[in-house]
Amino acid sequence: MKPPIIVSFVHGFILLASAVVGHAEPQTHHLLPNAPRSVTLTEAATPPVIRAGLLQSTLILLPEEEKVATVFGGDTVDWVFDGGHVASRFISVKPKLANATTDLHIVSDHGNEYTLQLQEISGDADPHFDSKVFLVPGDKVAKDKLTEMPVFVPVAELDKAKQEVVTARAAAAAERKSEDAKAEQYRSQYPGSLHFDFTWDAKKGKELGLQQIWHDDKFTYLRGQFEETPALYEMKDGKGSLINFDYNNGLYTVPKELENGYLAIGKKKVEFHRTGGGK
């Protein structure tokens with residue numbers, strides 16, 4: 001703005017006095033974002049300075065293992081702090097006033113505390129501001145906390161976890177009920193699936209200790225009272241071959257349906273044959 005023009009009337013003459021003084025307009029420059037950088041924080045060191053640009057957003061990122069639990073800012077009028085609507089590792093800071101400064105304190109869900117100094121730099125000769133800043137804990141205690149379970153859980157996540165527990169319990173109860181129903185149905189129907197359609201020489205079977213042979217839709221069973229456990233063979237094409245079986249307290253359980261076979265121990269032998277016919 002130029003100084004006013006002074007007009008005087010002296011003895012019929014008009015005297016004009018005009019002082020023109022150049023008045024420089026304030027210099028402004030376009031703010032430029034820096035490349036992302038990392039800052040290491042230790043409890044004993046001075047908090048690092050984060051360069052923020054007027055009406056620009058600077059993104060602050062916690063370590064990948066952490067989420068923001070709470071944020072404290074010294075100046076909440078001239079600065080905007082935004083941690084989003086869900087728990088995350090991101091905080092956006094934005095100054096609303098040129099040359100404003102404030103401190104920022106971040107508490108993570110693992111209990112780590114990070115303190116930063118924020119400086120708006122639009123009045124600096126250097127137009128570069130921090131666009132993205134990665135926080136790195138420098139103390140061993142803080143690093144160790146990253147490997148532990150979180151100590152703070154956001155309310156929304158806690159509610160979600162509780163709901164997941166309720167849902168999981170309901171699903172488990174429904175599954176148990178379904179399995180119990182299947183087991184009950186199987187027990188009620190199982191006797192009808194047993195078939196006692198094997199024949200053998202009763203005299204030889206008694207000498208060996210064989211009492212009964214039967215099968216269901218999957219297994220073949222042989223029961224007896226044996227002084228020694230006889231070997232079990234399956235007969236195919238007139239030849240006997242040893243087969244796999246489980247033996248417990250006089251009960252053979254063979255994981256297949258046998259048609260023909262025999263038990264043998266020493267010179268004693270008893271053959272058995274299925275009369276019902278195979279599938």
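Residues meeting the salt bridge (charged side-chain N to carboxylate O under 4.0 Å, His left out) test with R37, sequence neighbours left out: D130. Qualifying salt bridge (charged side-chain N to carboxylate O under 4.0 Å, His left out) partners for K256, counting only residues two or more places apart in sequence or in other chains: E234. Legend: residues meeting salt bridge (charged side-chain N to carboxylate O under 4.0 Å, His left out) with K145, ordered by chain and number and at least two apart, are absent. Applying the ring pair (Phe, Tyr, Trp, His ring centres under 6.0 Å) test to Y247 and every residue at least two apart in sequence or in another chain returns Y252. The salt bridge (charged side-chain N to carboxylate O under 4.0 Å, His left out) search around D144 returns K140, not counting sequence neighbours.
Under the 4.5 Å side-chain criterion, counting only non-hydrogen atoms from C-beta, D109 is not in contact with V68. Looking at heavy atoms from C-beta onward, L116 lies out of side-chain contact with V93 at the 4.5 angstrom threshold. The shortest distance between side-chain heavy atoms of I243 and L232 falls below 4.5 Å. A heavy-atom distance below 4.5 Å is not found between the side chains of R89 and E66.
V39 and I106 fall within the same hydrophobic cluster, where Ile, Leu, Val, Met, Phe, Trp and Tyr residues are linked whenever their side-chain heavy atoms come under 4.5 Å apart, directly or through other members. No chain of hydrophobic side-chain contacts below 4.5 Å, direct or via other Ile, Leu, Val, Met, Phe, Trp or Tyr residues, connects Y262 to F245.
The aromatic ring centroids of H215 and F198 lie less than 6.0 Å from each other.
The heavy-atom pair separating L61 from F90 by the smallest distance is CD2-CE2, 3.2 Å. In terms of heavy-atom proximity, Y233 sits nearest to A264 at CE1-CB, 4.3 Å.
Using modelled atom types, no side-chain atom of D139 and backbone atom of V141 make a donor-acceptor pair closer than 3.5 Å. The backbone N or O of L258 sits less than 3.5 Å from a side-chain atom of T220, completing a donor-acceptor pair. At least one donor-acceptor pair under 3.5 Å links the side chain of D201 to the backbone N or O of K204. Between the side chain of S178 and the main chain of A174, no donor-acceptor pair closer than 3.5 Å is present. Under a 3.5 Å cut-off, the side chain of D216 and the backbone N or O of F219 do form a donor-acceptor pair. Judged by distance alone, the side chain of S131 and the main-chain N or O of N34 form a donor-acceptor pair under 3.5 Å. Side-chain atoms of E120 do not come within 3.5 Å of backbone N or O of A100 as any donor-acceptor pair. Between the side chain of D103 and the main chain of G74, a donor-acceptor pair closer than 3.5 Å is present. Formation of a donor-acceptor pair under 3.5 Å by the T275 side chain with backbone atoms of D197 is found in this model. Of the possible polar contacts, one joining the N112 side chain to the A142 backbone as a donor-acceptor pair under 3.5 Å is found.
Around the NZ atom of K96, the shell of radius 6.0 Å holds more than 12 heavy atoms that belong to other residues, nucleotides or ligands. Shown here is E179, whose CD atom has more than 12 heavy atoms of other residues, nucleotides or ligands within 6.0 Å. Other residues, nucleotides and ligands contribute at most 12 non-hydrogen atoms within 6.0 Å of the CG atom of N244. Open room surrounds CD on E64; 12 or fewer heavy atoms of other groups in view lie less than 6.0 Å from it.
Among residues at least two apart or in separate chains, side chain to side chain donor-acceptor pair (under 3.5 Å) pairs with a member in residues 38-54 are R51-D124. Among pairs with a residue in residues 105-139, none fulfils ring-ring contact (aromatic ring centres under 6.0 Å, His included), at least two apart in sequence or across chains. Residue pairs that meet the salt bridge (charged side-chain N to carboxylate O under 4.0 Å, His left out) test with at least one member in residues 263-273, sequence neighbours left out, are K269-E271. The list of side chain to side chain donor-acceptor pair (under 3.5 Å) pairs with a residue in residues 72-82, not counting sequence neighbours, is empty.
Through direct or indirect side-chain contacts shorter than 4.5 Å among Ile, Leu, Val, Met, Phe, Trp and Tyr, V49 is connected to no other residue. By the 4.5 Å side-chain criterion applied to Ile, Leu, Val, Met, Phe, Trp and Tyr, V77 is assigned to no cluster and stands alone. Grouped with L146 in a hydrophobic cluster is no other residue, since no side-chain heavy-atom contact under 4.5 Å to another Ile, Leu, Val, Met, Phe, Trp or Tyr is found.
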Test side chain to side chain contact (heavy atoms under 4.5 Å, CB included) applied to L263 and L210, step by step: CA-CA 9 Å; L263 290 171; L210 178 62; 4.0 Å; yes

